[in-house]
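Single-structure report; data block below.
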Amino acid sequence: MNTFEKIYEVVKQIPRGYVATYGQIAELAGNRHWSRVVGYALHSNPQPGVIPCHRVVTKDGDVSRAFAFGGQSRQIELLKDEGVEFVDGHVDMENINGQSVYSKPLN
DNA sequence: AACCTGACTCGCC
DNA sequence: AGGCGAGCCAGGT
């Protein structure tokens with residue numbers, strides 16, 4: 001399984017209402033240094049509709065500025081619609097489900 | 001075929 | 001405290 005495959009697997013397992021950071025995904029995929037690759041992998045987005053790339057945010061909880069899916073606003077709306085708390089235009093990194101962001105087990 | 005760049009993040013200086 | 005470099009992979013020029 002190549003790097004992209006792993007990344008996609010991890011991203012696809014992000015539960016609704018949660019968000020994951022690039023670093024988190026990279027780490028779960030194998031190496032935390034893949035954060036950059038994670039972004040690129042999502043950029044390719046080979047399987048739209050299957051890979052919830054809108055649930056992936058930066059470590060600051062901000063959506064990617066180059067989100068080519070309808071704009072950051074669109075991504076934020078989607079997340080809000082899933083129950084993700086937003087504060088000042090970014091994901092509430094401290095209060096999602098009472099936990100810290102996406103601390104759910106990703107296996 | 002080699003080099004550059006890109007949806008990132010962390011550690012040093 | 002802010003800025004810069006390093007580490008990863010794939011696709012385009």
Side-chain angles (χ1 to χ4, degrees):
Chain A
M1 184 182 280
N2 54 41
T3 309
F4 273 38
E5 290 289 319
K6 290 181 183 175
I7 293 174
Y8 296 140
E9 283 303 307
V10 176
V11 177
K12 284 193 297 187
Q13 288 170 60
I14 301 174
R16 179 177 173 287
Y18 284 84
V19 294
T21 65
Y22 289 96
Q24 180 107 51
I25 295 169
E27 188 173 0
L28 289 171
N31 303 314
R32 71 164 228 266
H33 295 120
W34 290 357
S35 52
R36 205 187 209 176
V37 185
V38 172
Y40 201 71
L42 294 178
H43 181 172
S44 297
N45 194 10
Q47 297 163 24
V50 178
I51 302 172
C53 43
H54 61 277
R55 294 189 190 138
V56 185
V57 298
T58 66
K59 66 185 181 72
D60 298 316
D62 284 323
V63 301
S64 218
R65 60 184 181 285
F67 190 67
F69 186 74
Q72 297 96 311
S73 310
R74 180 58 179 163
Q75 181 175 4
I76 294 175
E77 288 303 313
L78 288 171
L79 292 175
K80 276 179 160 182
D81 191 53
E82 294 189 347
V84 178
E85 294 296 318
F86 269 81
V87 176
D88 191 39
H90 65 74
V91 178
D92 188 346
M93 301 299 279
E94 300 298 319
N95 270 307
I96 289 184
N97 218 313
Q99 310 281 322
S100 59
V101 191
Y102 175 59
S103 48
K104 266 216 162 190
L106 268 181
N107 307 329

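Sequence lines set the chain letters: A, B, ... in the order given, protein chains first and strands last, and positions in each chain run from 1.
Candidate nucleotides C/dC8, C/dC9, B/dT9 were compared by shortest atom distance to the side chain of A/H33, and C/dC8 ranks first. Residue A/R32 has its side chain nearest to B/dC10 when only C/dC8, B/dT9, B/dC10 are considered.
Atom CD of A/E27 is separated from atom P of B/dC10 by 9 Å (rounded to the nearest Å). As rounded to whole Å, 16 Å separates atom C1' of C/dC8 from atom CG of A/L28. We find that CZ of A/R36 is positioned 9 Å from C1' of C/dA6, with the value rounded to whole Å. Taking atom CG of A/D62 as the reference point, atom P of B/dT9 lies 10 Å away to the nearest angstrom. With rounding to whole Å, A/M93 atom CE is found 12 Å from B/dT9 atom C1'. Distance OH (A/Y22) to P (C/dC9): 19 Å, rounded to an integer number of Å. Between the CG atom of A/L42 and the C1' atom of C/dA10 there is a distance of 13 Å, given to the nearest Å. A straight line from CG of A/D60 to P of C/dG2 spans 13 Å, rounded to a whole angstrom.
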Query - Residue pair A/V37, A/I7: steps toward the side chain to side chain contact (heavy atoms under 4.5 Å, CB included) verdict - result: CA-CA 9 Å; A/V37 185; A/I7 293 174; 4.0 Å; yes
**Report entry** Verdict with supporting geometry, A/M93 and A/K59, side chain to side chain contact (heavy atoms under 4.5 Å, CB included)
**Finding:** CA-CA 9 Å; A/M93 301 299 279; A/K59 66 185 181 72; 5.8 Å; no
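In this structure, CZ on A/R55 lies 12.5 Å from CG on A/L42, to the nearest 0.5 angstrom. From A/D92, atom CG reaches atom NE2 of A/H90 across 7.5 Å, with rounding to the nearest 0.5 Å. Here A/Y40 contributes atom OH and A/N45 contributes atom CG; the two are 13.0 Å apart, rounded to the nearest 0.5 Å.
To the nearest whole angstrom, the two P atoms, one in C/dG5 and one in B/dC4, are 15 Å apart.
For NZ of A/K80, the number of neighbouring non-hydrogen atoms (other residues, nucleotides, ligands) closer than 6.0 Å is 12 at most.
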Polar atoms only, N or O, under 3.5 Å: list the protein pairs with nucleotides 11-13 of chain C and their distances.
unit_1 : atom_1 : unit_2 : atom_2 : d
C/dG11 : O4'    : A/Y40  : OH     : 3.2

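Between A/E9 and A/K6, no side-chain nitrogen of the basic residue sits less than 4.0 Å from a carboxylate oxygen of the acidic one, so the salt-bridge criterion is not met.
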